[in-house]
Amino acid sequence: MRRHLNTIYVTSEGAWLRKDGANIVVEVDGSERGRAPMHMIGGIVCFSRPGASPALMAACAEAGITLSFLSPEGKFLARVEGPRSGNVLLRRTQYRLADDPGHALSIVQGIVAAKTANQRTVLRRALRDHGDRMSDTARAAIEAAEQRLFHSARRASVAGDVATLRGMEGEAALTYFNVFDTMIQGDKSVFRFNGRSRRPPLDRVNALLSFLYAMLGHDCRSALESVGFDPQVGFLHADRPGRAGLALDLMEEMRPVLADRLALTLINRGQLKARDFVVDDGGAVSLADEGRKAVLVAWQERKKRELRHPFLGENMALGLVPHVQALLLSRHLRGDIDGYPPFIWK
Amino acid sequence: MTAPPPPDPAAEDALVPLSALQHYLFCPRQCALIHVERIWAEDGATAEGRLLHERVDGGKPDRRQGVRVVRGLTLRSFALGLSGKADVVEFRGGVAYPIEYKRGRPKSHRADEVQLCAQALCLEEMFGTTIPEGALFYGQTKKHQRIVFDAELRRLTKDVAAETRAMIAGALTPQPRAMPACRHCSLFSHCQPERLEKPPVIRRWLAGQLAD
């Protein structure tokens, strides 16, 4: 099985990355801060300012190491890519399928059903872990939402068209996020979830979710590109200039597992505090530098966690799931399997 | 003497790398994953092989005892539809003698022989000569193995070249077949032979996953 390799996250202002033999070296203000052999690294993610030497960029492109530049909030800016990825036959099939709603339907059914089922699993795990500490009304609300999502997932798997599925996805999200605040334990004056807000995030929970979704989106985009897809052309997400529709599609089923669940853990275990966030005058909330570092460390750790893949039946690191799902989607499009097996977490 | 006419661009475009024959003989799906799907996963073995070839190909031509040794010679055959490189070609009194370097040991299948024979057929077309034999050098045993290009090996090579070209031209990727050798294939995780050999009907699989 392909190994889950580490990612280097560079957050320091004034950082400079260079190649030294078969090593990646990170310098800050002229002094060496870190060094790692290239064969142990799967990706480098730079936030904001850091620069990289052309020699390092070329070596990364050759070794298949993704080198990306993101804004401090995690918005994708640029990436260095070698000539190897890109399979024109796969892309042609992707475009043909995306243009044919009837054909795309079964893929979208799987994505929406899996996302809904995975949201339900988050609720079930919260009940299992904290259910006895919840009030009767809180527990009843989560139980009711959990049942609704169970039925929604099954309905989604047989829904008749993509437009209906987009509606079902929205309804499921509403059901799920309506009880999301109930799953937050601990200091409610700091972490209160007031419904999903994105542009900008209006509370700390939303700021955390947005950042984790950006990280997940980045991984999904890399996975799709390394398999040879065009990350912009999706099936569930309609084309919109500048939007990575297929990366968003691929993310859907993984959001509850990789991001939401991690957000709840970080908050409920007290690993994030009020001071890890900044609130600006307009009410927009974002992660402060220290908070962002803590989240990135936890994100790395979470990706190392092993689980059994529902379709392949193999144990693998959670961090490999985006890659494996991209691969399975490509195998479906190339005719190996008669459908796309989405990632279902139990 | 007039220069030969330039080759037909379409025929040049359709040339398939010599290495594809070996991939095809090892496993047609592996060949398709590399040459049709353009997937390449470098693992320890392929990196080692690449380094070996860089060393062999990188050498300068030399001459000893009347034998001229040429490394990294570019080869082509329109009859076979192949192009590639020979590790080493020795010219012994005007007759080309191809030598291919292999990291491992002699194998039970004939993939290495076919690759060498394909090189010989390219050289024959390029120089208008007949090449009776060549050699395979194996890194693990450090031995040369003499290979005679007999009628049977030539026929096998031509057949494999035609099949490989047809598969790549048709952009087909054969279904996987799980074999013991799969475990040593660098494309194992991309191929998923065990799971995809007889995949379930996804609709039914999904329904099972969503049942409580």
message: Please classify the contact of A:Leu90 with chain B as side chain, backbone, both or neither, using a heavy-atom distance under 4.5 Å.
response: neither
task: Identify whether the distance between the nearest side-chain nitrogen and carboxylate oxygen of B:Arg183 and B:Glu194 falls below 4.0 Å.
output: yes
query: So which of A:Pro342, A:Gly335, A:Pro341 has the largest heavy-atom pair count under 4.5 angstrom toward chain B?
result: A:Pro341
task: Tell me, out of B:Arg195, B:Gln175, B:Arg203, who's got the most heavy-atom pairs with chain A below 4.5 Å.
output: B:Arg195
query: Going through the distances and angles, do B:Arg29 and B:Glu37 end up as a salt bridge (Lys or Arg N to Asp or Glu O under 4.0 Å)?
result: CA-CA 10 Å; B:Arg29 181 167 162 97; B:Glu37 313 270 340; over 6 Å; no
- request: Identify the residue among A:Gln109, A:Gln325, A:Arg331 that makes a side-chain hydrogen bond (donor to acceptor under 3.5 Å, both in side chains) with A:Tyr340.
  value: A:Gln325
statement: Between B:Lys102 and the options B:Gln140, B:Gln115, B:Gln145, the side-chain hydrogen bond (donor to acceptor under 3.5 Å, both in side chains) test singles out B:Gln115
Greatest number of heavy atom pairs closer than 4.5 Å to chain B - which of A:Ser330, A:Ala153, A:Pro310, A:Gly313: A:Pro310
